[in-house]
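In the text below, chain A, chain B and the rest are named by the order of the sequence lines, each starting its count at 1.
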Amino acid sequence: MTFRVRFAPSPTGFLHVGGGRTALYNWLFVRHHGGEFILRSDDTDSERSTDEFRADILDSLRWLGIDWDEGIEVGGPHGTYRQSDRFGRYREVAEAFVGSGAAYYDGATSDDLKQIRDEAAASGTSPVYDGRHRLAIEEAKKQIAEGETPPIRFAVPRPGETRFDDAVRGEVVFGHSNVDDFVILRSDGSPTYHLASTVDDVDYAITHVVRGEDILSSTPKHILITQAMGAEQPIYAHLSLLNGPDGKKLSKRHGDTAIRAYRESGFLPTAVVNFLAILGWSPGDDEEVVPRSEMVKRFDLGAVSKNPAVFDTTKLEWMNGVYIRQMSPETFAADLGDLVATDLGRDLSPAETQSLVDLAPLVQERAKLLTEVAPQVRFLFVDELEYDETSWGKVMTTPEAQVSLQGAATAMEAAEWTHDGVETALRAMLEQHEISARKGLQPLRVALTGSSVSPPLFESIVAVGRESTLARFEAALRRIG
RNA sequence: GCCCCCAUCGUCCAGCGGCCUAGGACGUCGGCCUUUCAAGCCGGUAACACGGGUUCGAAUCCCGUUGGGGGCGCCA
């Protein structure tokens with residue numbers, strides 16, 4: 001049997017980190033077992049579904065490197081893989097259920113339902129609708145003829161219970177006295193989530209349903225529908241949810257939750273994937289930075305953690321730095337070039353590109369986020385340096401600053417224009433004036449880059465070039481007064 | 001209110017009855033390196049929620065309490 005999993009987001013929002021993690025676990029599971037990943041769109045809620053969200057979900061999945069074998073945009077034997085195109089199919093199943101007695105047309109009013117809830121609260125029992133207002137078939141037909149279609153509810157067998165073996169949580173049991181006769185087809189003829197999702201899982205021959213824990217208590221409903229369809233029940237796996245740092249459900253107020261936000265703030269997809277994978281699963285051997293291929297090799301639903309994880313990006317930031325340092329110098333330099341061009345709003349000349357390539361490894365070593373990288377080398381490409389006033393105040397007000405700047409100007413004229421040449425000249429100059437490296441070099445750094453924080457000085461000087469370096473030292477000297 | 005799930009350092013994860021004086025990672029603190037900032041290296045800090053059982057022996061099994069999360073819609 002081929003394993004078939006699905007990821008079925010509703011396009012009612014951007015793909016968020018929790019959804020991304022669910023998709024990833026599905027993907028890791030099915031790639032591990034050599035099965036098929038189906039992507040469908042659970043868009044029965046046409047009011048809230050938008051094309052923008054639909055596109056964002058696909059983009060984000062692709063960015064994460066999660067590919068699918070069947071479904072949205074790639075096609076397959078089951079049509080568009082959009083639930084909004086399958087309302088006829090859902091209605092057909094619902095009506096067949098009515099025919100077989102598995103479901104019924106219901107006549108309960110909202111007041112009736114409220115009364116049941118109130119009764120339950122008063123008696124300390126579950127607020128469960130038990131079908132007491134179900135319509136006789138003749139009555140239902142009469143209402144339909146009059147143009148007033150009642151909703152269809154599933155007849156949950158009571159007494160009874162549904163138990164299943166969850167791949168991550170173990171055996172779970174729900175007594176049917178706690179499961180109410182849920183609506184499967186609304187009075188406007190549209191299917192509810194329970195119906196549409198389950199019918200799709202059956203029709204698409206899904207073997208493993210891996211999803212968030214928020215639907216754990218709906219699972220008996222899905223199993224009941226599956227049984228009523230005469231289909232074989234898939235294996236369910238419910239993943240714990242992600243919480244915010246305060247332990248509460250992850251939401252907007254905890255900061256960015258959309259995958260795209262991480263992409264935009266300079267995270268690498270490899271790092272995000274690794275971090276998400278580790279958040280609730282362990283590859284074993286006390287290892288955490290693990291390449292994707294290795295994750296596929298080791299992934300196992302049984303090893304997925306049951307407890308909810310706090311989504312804390314501190315470790316993600318560290319991990320992103322690790323992945324940046326893992327990039328080949330060529331790749332990083334190329335990415336840096338693009339980033340700088342965007343930052344500057346223009347293309348770089350070949351000479352500029354060369355000096356950037358020379359400095360790139362030094363920047364790569366320090367980077368945590370791709371977005372912080374362009375500003376660090378901006379000094380290479382500007383005519384007018386903007387000084388960071390805090391830096392200036394810290395290093396330019398000492399007596400050594402002026403001496404060092406003056407001495408450096410002279411030293412630079414004669415220096416061999418290489419890292420070693422510049423270093424030798426500068427160190428000799430400092431020694432001559434009996435200035436420590438710390439006191440003497442920092443003013444040069446600020447004069448050259450505008451900030452007391454920069455890539456290493458000697459390489460930076462070489463990259464900026466003799467003429468421009470001298471000009472910057474003189475400009476700083478003038479500014480000191 | 002009812003149902004379900006969960007419970008190890010601040011955070012993530014390891015531990016699946018003896019190997020635990022509980023391990024790794026991030027963070028944090030201290031040190032080394034050093035031209036800044038990082039990176040790197042070394043070291044420290046810090047947890048089995050509580051109470052009962054079961055067992056020769058429990059972080060590991062069972063029950064209860066407490067705490068957290070989820071669900072209880074003609075939303076998904």
Side-chain angles (χ1 to χ4, degrees), chain A residues 8-10 12 42-45 47-49 83 106 108 110 113 117-118 120-128 150-153 166 169-170 172-175 177-180 182-188 190-194 196-197 212-220 238 240-241 243 245 247-249 275 278-289 303 305-319 321-322 325 362-368 376 391 394-395 423 426-427 430 436-442 444-446 449 451-458 460:
Chain A
S10 296
T12 55
D42 280 16
D43 59 352
T44 52
D45 186 351
E47 292 287 303
R48 295 194 300 143
S49 298
Q83 295 191 329
D106 187 50
S110 55
L113 299 174
R117 273 193 289 274
D118 291 346
S123 64
T125 55
S126 281
V128 159
I152 296 178
R153 281 180 186 271
D166 191 284
R169 329 204 80 89
V172 184
V173 187
F174 288 89
S177 57
N178 300 308
V179 181
D180 68 351
F182 52 103
V183 171
I184 55 175
L185 203 74
R186 300 187 189 102
S187 43
D188 68 359
S190 68
T192 59
Y193 163 75
H194 301 302
S197 173
E213 194 192 357
D214 51 339
I215 359 201
L216 181 59
S217 46
S218 294
T219 304
H238 289 93
S240 64
L241 269 16
N243 291 145
K248 302 294 180 193
K249 187 188 167 98
F275 178 69
I278 293 308
L279 205 60
W281 172 67
S282 165
D285 295 335
D286 280 340
E287 289 182 79
E288 296 200 318
V289 179
S305 167
K306 291 193 256 282
N307 36 342
V310 171
F311 185 74
D312 179 348
T313 54
T314 313
K315 197 174 201 164
L316 170 59
E317 282 171 31
W318 161 78
M319 195 171 266
V322 171
R325 270 168 258 129
L362 269 19
V363 176
Q364 180 173 9
E365 219 175 286
R366 297 165 162 60
K368 228 171 195 145
Q376 283 173 18
S391 298
K394 224 185 317 180
V395 308
E423 174 164 18
L426 250 19
R427 287 202 190 276
L430 291 176
S436 71
R438 196 182 206 91
K439 289 221 161 181
L441 262 23
Q442 278 300 79
L444 305 187
R445 183 188 305 284
V446 173
T449 70
S451 167
S452 60
V453 176
S454 83
L457 184 61
F458 308 130
S460 297

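- B:rG24 atom P lies 17 Å from atom CE of A:Met319, rounded to whole Å.
- Contact annotation for A:Gly280: backbone-only contact, meaning every heavy-atom pair under 4.0 Å involves sugar-phosphate atoms and none involves a base.
- Every residue meeting the side-chain contact (heavy atoms from CB on, under 4.5 Å) condition with A:Pro150, not counting sequence neighbours, appears here in chain and number order: A:Tyr105, A:Leu135, A:Gln143, A:Ile144.
- Under the Watson-Crick or G-U wobble criterion, with both distances below 3.5 Å, B:rA47 is left unpaired in every strand shown.
- Counting heavy atoms from C-beta outward, A:Pro456 and A:Arg366 have side chains that approach closer than 4.5 Å.
- Taking atom CH2 of residue A:Trp281 and atom P of nucleotide B:rG15, one finds them 13 Å apart after rounding to whole Å.
- A donor-acceptor contact shorter than 3.5 Å links the side chain of A:Thr192 to the backbone of A:Val183.
- Nucleotides B:rA25 and B:rA47, compared at atom C1', are 15 Å apart to the nearest Å.
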Where protein sits on nucleotides 63-74 of chain B, one letter per nucleotide: B base, S sugar-phosphate only, - none, heavy atoms under 4.0 Å: -----SSSSBSB
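- Across the protein-nucleic acid pair, A:Glu288 atom CD and B:rU11 atom C1' stand 11 Å apart, rounded to whole Å.
- A:Thr44 comes within contact range of the sugar-phosphate backbone alone, with a heavy-atom separation under 4.0 Å but no base atom that close.
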Side chain to side chain contact (heavy atoms under 4.5 Å, CB included) evaluation trace for A:Trp318 with A:Phe275: CA-CA 10 Å; A:Trp318 161 78; A:Phe275 178 69; over 6 Å; no
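- Protein atom CG of A:Leu279 is 18 Å distant from nucleotide atom P of B:rA25, rounded to whole Å.
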Protein proximity profile, nucleotides 34-43 of chain B - base contact B, sugar-phosphate-only contact S, no contact -, cut-off 4.0 Å on heavy atoms: -BBBBSS---
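- A donor-acceptor contact shorter than 3.5 Å is absent between the side chain of A:Ser187 and the backbone of A:Pro151.
- For the atom pair A:Lys368 NZ and A:Glu317 CD, the distance stands at 6.5 Å (nearest 0.5 Å).
- Here the P atom of nucleotide B:rA76 and the OH atom of A:Tyr193 are 10 Å apart, to the nearest Å.
- On the C1' atoms, B:rC4 is 24 Å away from B:rU60, given to the nearest whole Å.
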Contacts under 3.5 Å, N or O only, protein and nucleotides 7-10 of chain B:
from, atom 1, to, atom 2, distance (Å)
B:rU8, OP2, A:Asn307, ND2, 3.2

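- B:rA38 and B:rG31: their P atoms are spaced 14 Å apart (whole Å).
- Between A:Leu216 and A:Arg169, the closest side-chain pair of non-hydrogen atoms falls below 4.5 Å.
- A 3.5 Å limit on both hydrogen-bonding distances identifies B:rG53 as the Watson-Crick or G-U partner of B:rC61.
- Scanning for side-chain hydrogen bond (donor to acceptor under 3.5 Å, both in side chains) contacts around A:Glu288 gives A:Lys315, with sequence neighbours left out.
- For B:rU21, there is no paired nucleotide, since no Watson-Crick or G-U wobble pair has both relevant distances below 3.5 Å.
- Side chains of A:Phe458 and A:Leu441 form a contact here, defined as non-hydrogen atoms less than 4.5 Å apart.
- Spacing of P atoms, B:rG24 relative to B:rG67, comes out at 34 Å, to the nearest Å.
- Annotation: ring-ring contact (aromatic ring centres under 6.0 Å, His included) contacts of A:Phe174 (sequence neighbours excluded): none.
- Checked against A:Gln442 for a side chain to side chain donor-acceptor pair (under 3.5 Å), the options A:Arg445, A:Arg438, A:Lys439 give a single hit: A:Arg445.
- At least one side-chain heavy atom of A:Ser197 sits under 4.5 Å from a side-chain heavy atom of A:Asp42.
- A donor and an acceptor atom never sit less than 3.5 Å apart when one is taken from the side chain of A:Glu287 and the other from the base of B:rG24.
- Between A:Val172 and A:Thr219 the shortest side-chain heavy-atom distance does not fall below 4.5 Å.
- The base-pairing partner of B:rG40, taking Watson-Crick or G-U wobble contacts with both distances under 3.5 Å, is B:rC32.
- With a 3.5 Å ceiling on both atom-pair distances, the Watson-Crick or G-U wobble partner of B:rC26 is B:rG10.
- Comparing A:Ser123 and A:Ala309 against RNA chain B, the residue whose closest nucleotide sits nearer the 5' end is A:Ser123.
- A donor-acceptor contact closer than 3.5 angstrom links the side chains of A:Thr125 and A:Ser123.
- Only the P atoms considered, B:rU11 is 34 Å distant from B:rU54, to the nearest whole Å.
- A:Ser305 comes within 4.0 angstrom of sugar-phosphate atoms only, judged by non-hydrogen atoms across all strands, and of no base.
- Annotation: B:rA39 and B:rC26 have their P atoms spaced 11 Å apart (nearest Å).
- Among the nucleotides B:rC2, B:rA14, B:rA76, the one closest to the side chain of A:Asp42 is B:rA76.
- Going from the C1' atom of B:rA76 to that of B:rC50 covers 38 Å, rounded to whole Å.
- Taking atom NZ of residue A:Lys315 and atom P of nucleotide B:rU11, one finds them 12 Å apart after rounding to whole Å.
- Using Watson-Crick or G-U wobble geometry with both donor-acceptor distances under 3.5 Å, B:rG1 finds its partner in B:rC72.
- The gap from the C1' atom of B:rG51 to that of B:rC13 amounts to 28 Å, rounded to the nearest Å.
- Nucleic acid contact class of A:His238 (heavy atoms, under 4.0 Å, all strands): none.
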